[in-house]
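Scroll down for the structure; my scribbles are underneath it.
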Amino acid sequence: QVPLVESGGGSVQAGGSLRLSCVVSGYTSRSYCMAWFREVPGKEREGFAYIYTRTLSTDYVDSVKGRFTISQDNAKNTVYLQMNTLKPEDTAMYYCAADPKYCTVVSAMGRPYFHYWGQGTQVTVSS
């Protein structure tokens, strides 16, 4: 098991910033693909930012490139999502996920193939 706990969500005006945190309990030396997903009611949960813990290789979907940054702090067993220039369409429940497969593999496989999930944190961006 790899318990994940997100925090840092909240309400912000368009153009503002938030930083989400995902604390990974029971961290081992094993490498993981850490990812951030988001979900709005009526739509599928979508992954948009990925980092492979061993290489620190990152990947983003186009809608967040240049605005969001995923990073990790091994000393704190924490993965971060820095979100800048937020837009109302970024409003969603945000989830942290982890899987031992390479990000290039599991991101293409999709949400059901991520083994571990946090409980989510709400982000609301007002115009």
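All values below were derived from every heavy atom in this structure, side-chain atoms included, with hydrogens, water molecules and symmetry-related copies excluded.
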Would you be so kind as to tabulate the donor-acceptor pairs closer than 3.5 Å made by side chains of residues 10-21, with sequence neighbours excluded?
| from | atom 1 | to | atom 2 | distance (Å) |
| --- | --- | --- | --- | --- |
| Ser17 | OG | Asn84 | OD1 | 2.9 |

Verify same cluster id: Val79, Tyr50 (apolar side-chain graph, 4.5 Å): no
Lys43 side, atom NZ; Arg38 side, atom CZ - distance, nearest 0.5 Å: 9.5 Å
Asp90 to Arg67 - nearest heavy-atom pair and separation: OD2-NH1, 2.7 Å
Ile51 CD1 to Tyr32 OH distance, which is reported to the nearest 0.5 Å: 15.5 Å
Spacing of Glu44 atom CD and Arg111 atom CZ [to the nearest 0.5 Å]: 6.5 Å
Between OG on residue Ser107 and CG on residue Asp99, distance to nearest 0.5 Å: 10.5 Å
cation_pi(Arg45, Tyr95) dist<6.0 Å, angle<=45: yes
Co-membership, hydrophobic cluster, residues Leu56 and Tyr80, 4.5 Å side-chain: no
Tyr102 atom OH, over 12 foreign heavy atoms within 6.0 Å: no
Any side-chain heavy-atom pair of Thr53 and Met34 under 4.5 Å: yes
Atom pair CD (Gln119) and SG (Cys96), whose distance is rounded to the nearest 0.5 Å: 9.5 Å
Distance-only criterion, 3.5 Å: show the donor-acceptor pairs between side-chain atoms of residues 120-127 and protein atoms not counting sequence neighbours.
| from | atom 1 | to | atom 2 | distance (Å) |
| --- | --- | --- | --- | --- |
| Thr121 | OG1 | Gly9 | N | 3.1 |
| Gln122 | NE2 | Ala92 | O | 3.3 |
| Gln122 | NE2 | Thr124 | OG1 | 3.4 |

Check: Thr55 main-chain N/O paired with Ser57 side-chain donor or acceptor under 3.5 Å: no
Single-linkage hydrophobic cluster Val24~Val5, side-chain heavy atoms < 4.5 angstrom: no
Crowding at NZ, Lys65 (>12 non-hydrogen neighbours, <6.0 Å): yes
Tyr116 reachable from Phe37 in the ILVMFWY side-chain graph, under 4.5 Å edges: no
Student check: side-chain heavy atoms of Phe114 and Val106 closer than 4.5 Å: yes
Separation of Asp59 CG from Ile70 CD1 (nearest 0.5 Å): 10.0 Å
Transitive ILVMFWY side-chain link Trp117 to Met109, under 4.5 Å: yes
Any Glu6 side-chain heavy atom under 4.5 Å of Trp36 side chain: yes
